[in-house]
Participant: 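Shown below is the structure under consideration.
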Amino acid sequence: MAQYIEDVHDVARLIPPGRVTNYGAIADFLTLGSARMAGWAMNKAHGDETIPAHRVVNRKGELSGRNHFATPTLMQERLEAEGVEVVDNKIVNFDELFWSPTELLK
DNA sequence: CATGTGACTCTTA
DNA sequence: GTAAGAGCCACAT
């Protein structure tokens, strides 16, 4: 397994419950060079249930990866189960719920 | 070896 | 304010 993919998955697991982050933040934190790499790495997380992939969304807080889950609604359901409001596939109060991996360095 | 695709983001018109 | 284009890197075919 490529190291950077493990790193991305690691970061995903470190996201606190009820919080979310975006691909760009992860890519920047791991210096992947592109947000697409983070997204692509998450694609490899498909099927790995130990990874809370539902807490990773695009920069607008939209659930862009919902189609990669078992069902298109699973991602939203998991977020709502953690207290995150989701309307029309977008996270409510995304600015407040946003979490960056750099928070760990403080 | 070359081409197409993607769970993205930023810049320019 | 909205819309379109380009850059980004790795992987599958």
Side-chain angles (χ1 to χ4, degrees):
Chain A
M1 196 55 147
Q3 185 61 52
Y4 73 93
I5 292 179
E6 289 185 17
D7 289 341
V8 172
H9 293 182
D10 251 0
V11 171
R13 292 194 188 90
L14 292 173
I15 301 172
R19 302 294 297 284
V20 295
T21 191
N22 63 37
Y23 303 100
I26 295 174
D28 182 64
F29 177 69
L30 299 177
T31 60
L32 296 179
S34 169
R36 281 184 122 70
M37 296 300 89
W40 189 80
M42 290 311 293
N43 181 278
K44 293 302 172 190
H46 182 263
D48 192 330
E49 298 176 10
T50 69
I51 302 173
H54 56 281
R55 296 182 190 144
V56 183
V57 298
N58 69 13
R59 80 181 186 92
K60 295 174 195 163
E62 299 172 339
L63 313 189
S64 52
R66 76 194 126 104
N67 292 323
H68 292 264
F69 285 76
T71 65
T73 59
L74 183 60
M75 189 173 189
Q76 176 173 337
E77 289 173 6
R78 282 185 174 170
L79 286 170
E80 292 180 334
E82 295 180 352
V84 178
E85 291 183 67
V86 178
V87 176
D88 193 29
N89 298 316
K90 297 188 199 91
I91 294 173
V92 180
N93 296 327
F94 179 62
D95 290 339
E96 295 180 12
L97 296 175
F98 178 76
W99 175 86
S100 170
T102 58
E103 294 287 322
L104 295 173
L105 303 179
K106 291 166 115 188

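The structure displayed is predicted, hence computed values, not measured ones. Note on naming: letters A, B, ... go to the chains in the order of the sequence lines (proteins, then strands), and numbering restarts at 1 for each one.
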Participant: Roughly, in whole Å, what's the span from CD1 in A/I26 to P in B/dT9?
Facilitator: 10 Å
Participant: Report the residue (A/G33 or A/K44) whose heavy-atom-nearest nucleotide on DNA chain C is the more 5′ of the two.
Facilitator: A/G33
Participant: How long is the line joining CD1 of A/I5 and P of C/dC11, in whole Å?
Facilitator: 6 Å
Participant: Which nucleotide sits closest to the side chain of A/S34: B/dC10, C/dC8, B/dA7?
Facilitator: C/dC8
Participant: Rounded to the nearest Å, what distance is computed from the NZ atom of residue A/K60 to the P atom of nucleotide B/dA7?
Facilitator: 15 Å
Participant: Return the 5'-most residue of the pair A/G24, A/M37 with respect to DNA chain B, ranking by each residue's nearest nucleotide.
Facilitator: A/M37
Participant: Output yes when a side-chain donor or acceptor of A/N58 lies under 3.5 Å from a complementary backbone atom of A/G61, and no otherwise.
Facilitator: yes
Participant: Would the number of heavy atoms belonging to other residues, nucleotides or ligands and lying under 6.0 Å from CD of A/E85 be above 12?
Facilitator: no
Participant: Can any side-chain N or O of A/R78 pair as donor or acceptor with the backbone N or O of A/H54 at less than 3.5 Å?
Facilitator: no
Participant: Between C1' on B/dT9 and CG on A/D28, what's the gap in Å once rounded to a whole number?
Facilitator: 12 Å
Participant: Would you mind reading off the distance between A/E62 atom CD and B/dT9 atom C1', rounded to a whole angstrom?
Facilitator: 12 Å
Participant: Please check this pair: side chain of A/H9 against backbone of A/A41, looking for a donor-acceptor N/O pair closer than 3.5 Å.
Facilitator: yes
Participant: Please work out if A/A53 contacts a base, only the sugar-phosphate, or nothing of the nucleic acid, heavy-atom cut-off 4.0 Å.
Facilitator: base
Participant: Whole-Å distance between B/dG6 P and A/N67 CG?
Facilitator: 12 Å
Participant: Do the side chain of A/N22 and the main chain of A/G24 share a donor and acceptor less than 3.5 angstrom apart?
Facilitator: yes
Participant: What's the CG-P distance between A/N58 and B/dA7, to the nearest Å?
Facilitator: 12 Å
Participant: If you pin A/W40 and A/N22 to their nearest nucleotides in DNA chain B, which one's is more 5'?
Facilitator: A/W40
Participant: Heavy atoms only, 4.0 Å cut-off, all strands: where does A/N43 land among base, sugar-phosphate and nothing?
Facilitator: base
Participant: Would you indicate, yes or no, if B/dA7 has its OP1 or OP2 atom less than 4.0 angstrom from a side-chain nitrogen or oxygen of A/R66?
Facilitator: no
Participant: Considering only atom P, compute the distance from C/dA6 to B/dG4 and round it to an integer number of Å.
Facilitator: 15 Å
Participant: Please report the distance, rounded to the nearest Å, between OH in A/Y4 and C1' in B/dA7.
Facilitator: 14 Å
